[in-house]
Structure formats: C-alpha cells, structure tokens
Amino acid sequence: MATFIIADLHLSESQPILTNALSNFYERNTILNDRVIIAGDMFDFFVGVDPNSAFQQKIKAIITKAKQRGVITMFQAGNRDFLLDEAAAEYFGMKLIKDFYILNTSKGKALLLHGDQLCLHDRSYQTFRAIVKNRFIRFCFMLLPLSVRTSIAQKIRNKSQEQENRRAEYSEKILQNPTVKKAGATFLQKTGCTLLIHGHFHVFGGEQNAFGDGLSRLGLGMWDSHYSYIKIDRTDFKLVQRAMEKNF
Ligand SMILES: [Mn+2]
C-alpha cells in the first residue's frame, strides 16, 4: 500500500490537459490498496457540484474508476476549493479530510496541510480566510444559484490573478519569512510532527530544518509544464517532479 500526495492541480474546464494528466497519473502510478491524497487546489476554483458539467463528470469518472479498482482518494481543501465539502467530495468519489492531517510514515509523523495556513504574515488574507471558512457565510453563499456563485468566483479570481502572479515570484521569499517559519514550527510542535508537507506556494522541493532543528519541509509544485507528487510506502519516501508529457 502506497500513499501518493499531490496538490495544486488547478483543474479547470479550459485546461483539459490537466484533467488528462490526473487520469494518467492514476492509471500509471496507482494499484490496489493505494491511496491518493489531493492536498488542496485540485480545482482552479470551485463553487459547488454541477451535475450538468461534463468537466466535473469527467473528474468524477477518473476518481470513481480508480476507486473501483481499490484506490482510495482523499481530499484536503485548498484556498481555491474550500467550498468542496463532505458531500461534494463524496460526489467525486473522495473522502474529505481535515485541514491539518497527520500521516504516520517510516520517517516519523508528518503534518499535511495545503499551505495557506502558513501565511500568517499576510493579515488581510487570514481575515479573508476566516470569513470564507465561516459556516454560516458559506451556507448563505451556497444558497445562491450556481450561475451567481460562478460569476462571483470569477470576479474574485480575475482580481486576485494579478496579485497571485506577482506573489508567485515571491513565494520562495515568503517561505523564508520569519512569521511563516514560526507558524510552521508551531504547527509541527503542536502536532508532534517533524515534517511538514504542503502545496500552495508552487515551489517544488524539500528543505531540511526549515522550521528549526529537525523540523523539515516538503513542498509540492503546481501542475503545469511539470507535475509533482510524494510517494510514501513502507520502505520508500520520495518527492518526485516530472515533465508533463504532451498527452499527459
Ligand atoms: Mn493554494
């Protein structure tokens, strides 16, 4: 039994190559009793299940097909698909897991989180996060028709796109920010873990002692020209990055 961790696929209707890549990922890597954990930002944005969407049906089919051959998929919410709740996860054939998820590995306890939780240096983002994570606000938003939710999300997305592009250049710097480092150390100490696994920053790579002595970090990259994953099994623990093939 192996555990695969992927994140930041940013699947969208306009990028069928990514949906294809997900399908190939399952086909080529996973076998019976494996599990795949998608650690957030699986979707470029998500405002609810749309049974009429061929795009969503395709993703559902990929995950369900894997499930039928014994591959479990778990989903952890990111900052772009935080509205994907338990019921939505079930629709796609996945199991929703907590924002802070502990994995027992041969190398000790690892803490898995999407990564936006580390951005404590960004107060306005944390305020936004607290609002959108509020159950009542989410409940109200989900009462709106899907078309209205989609257009609101698109407006927010367009606005934040520019910011995000700019942010990408600084992601590596953000990871070195003392406040972010402190947040990572605190999360690890509080959960008794020694390794933090995350996505969100789109910076691929590991960093030994990133949060202090013996407290390390493994970062997953975004799926675009490359894709990355972590594979953990009884004997192996590896962080892999591969070029996206044309038909992948
Ligand atoms: Mn993210």
Side-chain angles (χ1 to χ4, degrees), residues 4-15 18-19 21-22 25 36-48 59 73-85 88-89 92 94 96-101 111-133 138 152-177 179-181 183-184 187 196-207 210 217-230 239 241 244:
F4 293 89
I5 307 170
I6 53 177
D8 296 289
L9 287 81
H10 292 252
L11 300 177
S12 76
E13 217 157 345
S14 60
Q15 295 244 69
L18 296 175
T19 307
L22 178 67
F25 181 80
V36 175
I37 305 180
I38 306 177
D41 287 5
M42 170 185 181
F43 289 97
D44 201 36
F45 75 96
F46 182 86
V47 288
I59 294 161
T73 303
M74 293 151 99
F75 172 78
Q76 184 176 53
N79 54 301
R80 287 165 170 269
D81 45 20
F82 55 84
L83 287 168
L84 209 160
D85 60 5
F92 289 103
M94 310 187 288
L96 182 73
I97 58 169
K98 289 199 172 104
D99 288 354
F100 287 75
Y101 188 77
L111 175 65
L112 176 68
L113 44 82
H114 175 63
D116 55 321
Q117 300 93 333
L118 288 166
C119 295
L120 294 181
H121 66 291
D122 188 346
R123 284 208 174 173
S124 59
Y125 174 70
Q126 291 303 326
T127 307
F128 168 75
R129 191 170 191 279
I131 293 167
V132 297
K133 286 274 178 185
R138 284 165 68 138
I152 292 172
Q154 250 145 10
K155 268 177 204 147
I156 295 173
R157 197 169 148 258
N158 292 342
K159 256 191 186 169
S160 66
Q161 200 63 48
E162 203 183 313
Q163 250 175 334
E164 195 143 317
N165 289 343
R166 229 177 305 146
R167 204 180 61 190
E169 292 170 31
Y170 295 118
S171 278
E172 230 148 319
K173 272 189 199 155
I174 293 172
L175 282 163
Q176 302 308 324
N177 182 299
T179 312
V180 172
K181 292 241 174 206
F187 294 157
L196 197 142
I197 300 173
H198 67 86
H200 184 64
F201 297 94
H202 306 166
V203 177
F204 173 84
E207 198 185 340
R217 181 179 77 69
L218 282 184
L220 288 156
M222 181 192 180
W223 286 36
D224 47 25
S225 60
H226 289 73
Y227 69 100
S228 57
Y229 64 89
I230 288 168
L239 174 66
Q241 187 176 47
M244 194 95 85

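Numbering of ligands and ligand atoms starts at 1, following listing order. We're numbering straight along the sequence, starting at 1.
- Between the CD1 atom in Ile38 and the CZ atom in Phe43 there is a gap of 8.0 Å [rounded to 0.5 Å].
- When distances to the Mn ion (ligand 1) are checked against a cut-off of 2.8 Å, His114 contributes an N, O or S atom below that limit.
- Between the CG atom of Leu11 and the CZ atom of Phe45 there is a distance of 12.5 Å, given to the nearest 0.5 Å.
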Exercise. Could you go step by step and tell me if Leu118 and Leu196 meet the side-chain contact (heavy atoms from CB on, under 4.5 Å) rule?
Worked result: CA-CA 11 Å; Leu118 288 166; Leu196 197 142; 4.2 Å; yes
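- Rounding to 10 degrees, one finds that the Mn ion (ligand 1) sits at the corner of an angle of 80° between Asn79 OD1 and His200 ND1.
- For residue Asp41, an N/O/S atom approaches the Mn ion (ligand 1) to within less than 2.8 Å.
- A salt bridge is absent between Arg138 and Asp85: the closest approach of a Lys/Arg side-chain nitrogen to an acidic carboxylate oxygen does not fall below 4.0 angstrom.
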